[in-house]
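We number each residue from 1, following the sequence as shown.
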Amino acid sequence: MPVDRPDALPAARRPHRLAGGQPGLLAPGATTDPYRLRLYRLLRTDYPLGYDPGLGAWLLSRYADVALALTDPRFTGYPHDGAPRGRAPVPLGLCRGSLVCVPPAVPYRTAEPAVERTAYVLARRIAGRDRADLVADFCRWLPAGAAAATAGLSYPDLSTLPRGAPHLRGGGGGAGDCAGSTALRERALASFLANMLDDPDLLAAATAGEGSGALLGRAWAETLRRDPPVQIVLRRTRTEVAVSGGTLPADAPVACLIGAAGRDPVRFGAPDRFDPLRADADPLLIGPAGCPAALLGRLEAEHGLRALLTAMPGIRWADGFRPAAGGLLTRGPRTLLVRPS
């Protein structure tokens, strides 16, 4: 596979360089699209280890190095040693990495009917329009309704829920209640819907017949690999650690570039392609399987898509619209313009 060199990039796409030639993570344009800027690719191929003074951390971009930082006990949480270490949950995928995860007032499978109902109410509201934005009209509302449901409101009144990224306390109402923070789930849901609506054949297969639930689950996991809502996870070394390109010093902040690792061609075949049936799927980059936010996010994705297709079987992109994600620390589509019928 040919390696992209800096001098091969158009001037408008050339990443800002730090001392020694390493591209800066906070380069102009990177917050819009580090993939299109080829920033991640350049870091993986030419600068697998380097210090970024703008971020104040060492950068790891290859899958093998990121996997090591997420699982090896020589790494701990950032910024303090009390944060999760080793194979304990780290803030990855939809997980916020809290030391204490407060269980919701309502178990998730018990709350599932309320999540499903919320999705269908929202979908029916959109169905009669000539044009709608799924981010503003669906993705921001469904996680809020689901959070209200897990807080004990079996049938939340959507008209009373705050828009944007509300935090609804469930269970004990502590800071560890990651189910109540909806911003990341909004981004992940928007990315999932964008990927599914981009492929009519996959859309039809994932919502009809036996096995559709399993395919939807794989599509959700593939979204978290290809388009992770959290692009960077911070860790800290407890001792010196050898990685690609050199050795990390002890007590050093490390930025794990999840967005780069999830598209590492050494680990994933055709890494830029959205392929729920890929044979090399890996659960590591998805986050802890038992995380309340991860469980709730999958419910929202599955019921959300089914509700949209039930209410709007002919849904498609608005004329001339193509989905585009934005953001560097967290990432997802800002708009999803569709024609409901």
Heavy-atom side-chain contact between L25 and I232 under 4.5 Å: yes

Which distance, rounded to the nearest 0.5 Å, do you find between the CG of L122 and the OG1 of T118? 6.5 Å

R334 atom CZ, neighbour heavy-atom count above 12 within 6.0 Å: no

How many angstroms lie between OG1 in T335 and CG in L134, if you round to the nearest 0.5 Å? 10.0 Å

Spatial distance of atom CZ (R187) from atom CD (Q231) [nearest 0.5 Å]: 11.0 Å

Taking the side chain as everything from C-beta on, heavy atoms only, tell me whether P229 gets closer than 4.5 Å to T330. no

Working note: I286 + L94, criterion side-chain contact (heavy atoms from CB on, under 4.5 Å); need CA distance, chi angles, decisive distance, verdict. CA-CA 8 Å; I286 298 174; L94 296 176; over 6 Å; no

For a quick test of your reading: what N or O donor-acceptor pairs under 3.5 Å do the side chains of residues 239-250 make, sequence neighbours left out?
residue : atom : partner : partner atom : Å
S244    : OG   : D65     : OD1          : 3.4
S244    : OG   : D65     : OD2          : 3.0

Residue set satisfying salt bridge (charged side-chain N to carboxylate O under 4.0 Å, His left out) with R129, at least two apart, ordered chain then number -> D137

With a 4.5 Å cut-off on side-chain heavy atoms, are L295 and L299 touching? no

Using side-chain heavy atoms (C-beta onward) and a distance below 4.5 Å, is V338 in contact with D133? no

Counting distance only, does the side-chain N/O of D280 pair as donor-acceptor with the main-chain N or O of G269 below 3.5 Å? yes

Co-membership, hydrophobic cluster, residues Y40 and L329, 4.5 Å side-chain: yes

Side-chain heavy atoms of L193 within contact of F138, under 4.5 Å: yes

D198 vs R322, test: salt bridge (charged side-chain N to carboxylate O under 4.0 Å, His left out). Steps then yes/no. CA-CA 9 Å; D198 252 357; R322 291 294 307 152; 2.8 Å; yes

Is there a side-chain contact between I315 and L197 in this structure, where contact means two heavy atoms from C-beta onward sitting under 4.5 Å apart? yes

Backbone N/O of T32 and side chain of R331: donor-acceptor pair under 3.5 Å: yes

Check G24 against D52 and note the closest heavy-atom contact, atom names and distance. C-OD2, 3.8 Å

Spatial distance of atom CZ (F321) from atom CZ (R131) [nearest 0.5 Å]: 8.5 Å

Please list all pairs passing the salt bridge (charged side-chain N to carboxylate O under 4.0 Å, His left out) test where one or both residues lie in residues 211-224, with sequence neighbours left out. E222-R225, E222-R278

side-chain hydrogen bond (donor to acceptor under 3.5 Å, both in side chains) filter on S191, not counting sequence neighbours, yields none

Side chain of R62, backbone of R44: donor and acceptor closer than 3.5 Å? yes

Kindly give the heavy-atom pair with the smallest separation between A123 and A307, and that separation in Å. CB-O, 3.5 Å

Between R117 (side chain only) and P113 (backbone N and O only), is there a donor and an acceptor less than 3.5 Å apart? no

Taking all non-hydrogen atoms of both residues, which atom of R235 and which atom of L70 are closest, and how far apart? NH2-O, 4.0 Å

I'd like to check L92 versus V230 (side-chain heavy atoms, cut-off strictly below 4.5 Å). Are they in contact? no

Applying side-chain contact (heavy atoms from CB on, under 4.5 Å), run through L59 and L43 and close with a yes or a no. CA-CA 8 Å; L59 305 183; L43 288 171; 4.3 Å; yes

Donor-acceptor contact present, side-chain R236 to main-chain D251, <3.5 Å: yes

Could you go through R339 and D319, starting from their C-alpha distance and side-chain angles, then the distance that decides it, and tell me whether this counts as salt bridge (charged side-chain N to carboxylate O under 4.0 Å, His left out)? CA-CA 8 Å; R339 297 186 62 182; D319 295 342; 3.6 Å; yes

Walk me through whether F274 and D199 qualify under side-chain contact (heavy atoms from CB on, under 4.5 Å). CA-CA 9 Å; F274 181 74; D199 191 334; 5.9 Å; no

Are the side chain of S61 and the backbone of A260 linked by a donor-acceptor contact shorter than 3.5 Å? no

One should read off an interatomic distance between R74 CZ and T237 OG1, to the nearest 0.5 angstrom, of 10.0 Å

Nearest heavy atoms of L336 and A190, plus distance in Å: CD1-O, 3.4 Å

Rounded distance (nearest 0.5 Å) linking atom CG of L328 with atom CG of L26: 6.5 Å

I'd like to check E186 versus V135 (side-chain heavy atoms, cut-off strictly below 4.5 Å). Are they in contact? no

Taking a hydrophobic cluster as the set of Ile, Leu, Val, Met, Phe, Trp and Tyr residues connected by side-chain heavy atoms closer than 4.5 Å, whether directly or through intermediates, do L189 and Y120 fall within one such cluster? no

Heavy-atom pair of closest approach, residues L285 and G262: CD1-CA, 3.5 Å

With side-chain contact (heavy atoms from CB on, under 4.5 Å) as the criterion, how do C139 and R185 come out once you've worked through the C-alpha distance, each side chain's angles and the decisive distance to 0.1 Å? CA-CA 8 Å; C139 297; R185 301 210 310 272; over 6 Å; no

Per side-chain contact (heavy atoms from CB on, under 4.5 Å), M196 is matched among L308, L203, T223 by L203

Quick one: salt bridge (charged side-chain N to carboxylate O under 4.0 Å, His left out) pairs with a partner in residues 260-273, sequence neighbours left out? D227-R263, R263-D272, R267-D282, R273-D275

Strictly by ring-ring contact (aromatic ring centres under 6.0 Å, His included), give each pair with a member in residues 199-230 just once, sequence neighbours left out. F192-W220

Mark yes or no for whether D72, through its side chain, and F75, through its backbone, hold a donor-acceptor pair below 3.5 Å. no

If you look at every heavy atom in P340 and I126, which pair is closest and at what distance? CG-O, 3.6 Å

